[in-house]
Amino acid sequence: TNVLYNMVRLSLWLIPVIAAVALLGGYVITKRSFLPIEAIDRAAREISASRDLTKRIPTVSQGEDKKGRDEIQNLAKTFNRMFDRLEDAFNAEKQFTSDASHELRTPLSVIKANCEYALKFAQSEEDFKEALQSINRQSDRASALLSQLLFFARLDQKQGEHSFDMIDLSAAVKSGCDDRRLLLPPSIVLEEEISPEISAPADESLILRLLNNLIDNAVKYIGDGDRVTVTLNQSDEEISLTVSDNGLGISPENMDKIWNRFYMADRSRCETCENSFGLGLSMVKEIARIHGGRMEASSVPGEGSRFTFVLPKNF
Ligand code: ADP
């Protein structure tokens, strides 16, 4: 009984001590394991408060962290990748706004200069006419740019819409080619090879815009007697809409850049580009993306180019 009594006495003060140690240990371990999450939280707050998108959450390089915190490290890396994308998107937007302002400033300055010249120095009807003609050309250019910028803004609004109604693509592409043919000079041949009865969920006006932009480009870089061919096909997996030409082609070093907004490979190669801004292909790429598809391009300088809108059939 003496032994039993001692054991009970011992356990009476030992149990609270063990419980206290366990609690403290638990607290320390929990606190330690939350530390990296707190670091992520702090870094994310700092980034959003300072609006400095170049900041990143500190991560441990591989092999350094042996304490089984891989999931938390992965979380930090995922956040950092998200910040990379946000920073890229933000910089692209900034660049776009600055390029657009620059492009708009040019025609506006020419308009202003012509007005001042006409008011101060123009004497004959001929002088006024010349100034007005230049003003007219430049306002056409400014309004062409504004309508393309508005189109981009509307495309951004469509970003969230992922369900389009089914349309008859064969009929849409056919009528797009017929309408476009009416506007072409007779020296340019626009051919079509359209497989019948191809349908897909799509926005018809956007598809026609994509088609027109590609035909416009082809027409700009071909010569008299050259031809532009529009092809619409489908396989079990995908639908493809191709516009090919046998014009000047694009050099390999320009191939990646042609999709960038405001990029024009070589303005001097094109005689009919006075109202071009290098926005057409980036619009085409955006329209393809909104439909869940992609653009492919290939070209041989001196032989021609080929642009294909590929729409996977997983709708
Ligand atoms: P834009 O047509 O307004 O110049 P785009 O974005 O449509 O702008 O095209 C970007 C550049 O890609 C053009 O400046 C041109 O150099 C090149 N390009 C596009 N399509 C063709 C084509 N079919 N043949 C040759 N070059 C092309």
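First listed ligand is number 1; within each ligand, the first listed atom is number 1.
Atom numbering of ligand 1 starts at 1 in the shown order; those under 4.0 Å from a heavy atom of Met264 are 4 (O), 14 (O). Of all the atoms in ligand 1, the ones that sit under 4.0 Å from a non-hydrogen atom of Ile258 are 6 (O), 10 (C), 11 (C), 12 (O), 17 (C). Heavy-atom contacts of Gly249 reach the following atoms of ligand 1: 25 (C) (cutoff under 4.0 Å). For ligand 1, the atoms closer than 4.0 angstrom to any heavy atom of Ala218 are 23 (N). Applying the 4.0 Å criterion to heavy atoms of Phe307 picks out, from ligand 1, the atoms 20 (N), 23 (N). Near Tyr263, meaning under 4.0 Å from any of its heavy atoms, are these atoms of ligand 1: 10 (C), 11 (C). Those atoms of ligand 1 with a heavy atom of Phe277 less than 4.0 angstrom away are 3 (O). Atoms of ligand 1 lying under 4.0 Å from at least one heavy atom of Ala265, given by number and element, are 14 (O), 16 (O).
Of the charged side-chain nitrogens involved, none lies within less than 4.0 Å of a carboxylate oxygen, so that Glu238 and Lys313 do not count as a salt-bridged pair. Remark: Lys220 does not engage Asp216 in a salt bridge, criterion side-chain N to carboxylate O under 4.0 Å. Classification of Asp84 and Arg81 as a salt-bridged pair fails, no side-chain N sitting under 4.0 Å from a carboxylate O. The residues Glu87 and Lys94 are annotated as not salt-bridged, no charged nitrogen and carboxylate oxygen being separated by less than 4.0 angstrom. Between Glu116 and Lys112, at least one side-chain nitrogen of the basic residue sits less than 4.0 Å from a carboxylate oxygen of the acidic one, meeting the salt-bridge criterion. The pair Arg289-Glu286 meets the salt-bridge criterion, since a charged nitrogen lies less than 4.0 angstrom from a carboxylate oxygen.
Exactly one of Val230, Leu169, Thr231 qualifies for a side-chain contact (heavy atoms from CB on, under 4.5 Å) with Leu241. That residue is Val230.
Where the criterion is an N or O separation shorter than 3.5 Å, residue side chain and backbone included, Ser282 fails it with respect to ligand 1.
Counting heavy atoms from C-beta on, the side chains of Pro252 and Ser299 never come closer than 4.5 Å.
Checking Asn114 against Ser134 by side-chain atom types alone, a donor-acceptor pair falls below 3.5 Å.
A heavy-atom separation below 4.0 Å is found between Lys220 and ligand 1. The closest approach between a heavy atom of Gly247 and any atom of ligand 1 is not below 4.0 Å. In this structure, Asp245 has a heavy atom closer than 4.0 Å to ligand 1. Within the structure, the closest approach of Trp259 to ligand 1 does not fall below 4.0 Å when heavy atoms are considered.
The side chain of Ser305, and not its backbone, has at least one atom closer than 4.0 Å to an atom of ligand 1 (non-hydrogen atoms only; side chain from C-beta on).
Among Asn254, Asn217, Ile250, Asp216, the residue whose heavy atom sits closest to atom 27 (C) of ligand 1 is Ile250. In this comparison of Gly280, Gly278, Ala297, the heavy atom closest to atom 3 (O) of ligand 1 sits on Gly278.
Aromatic ring orientation, Phe96 versus Phe262: tilted (interplanar angle from 30° to 60°).
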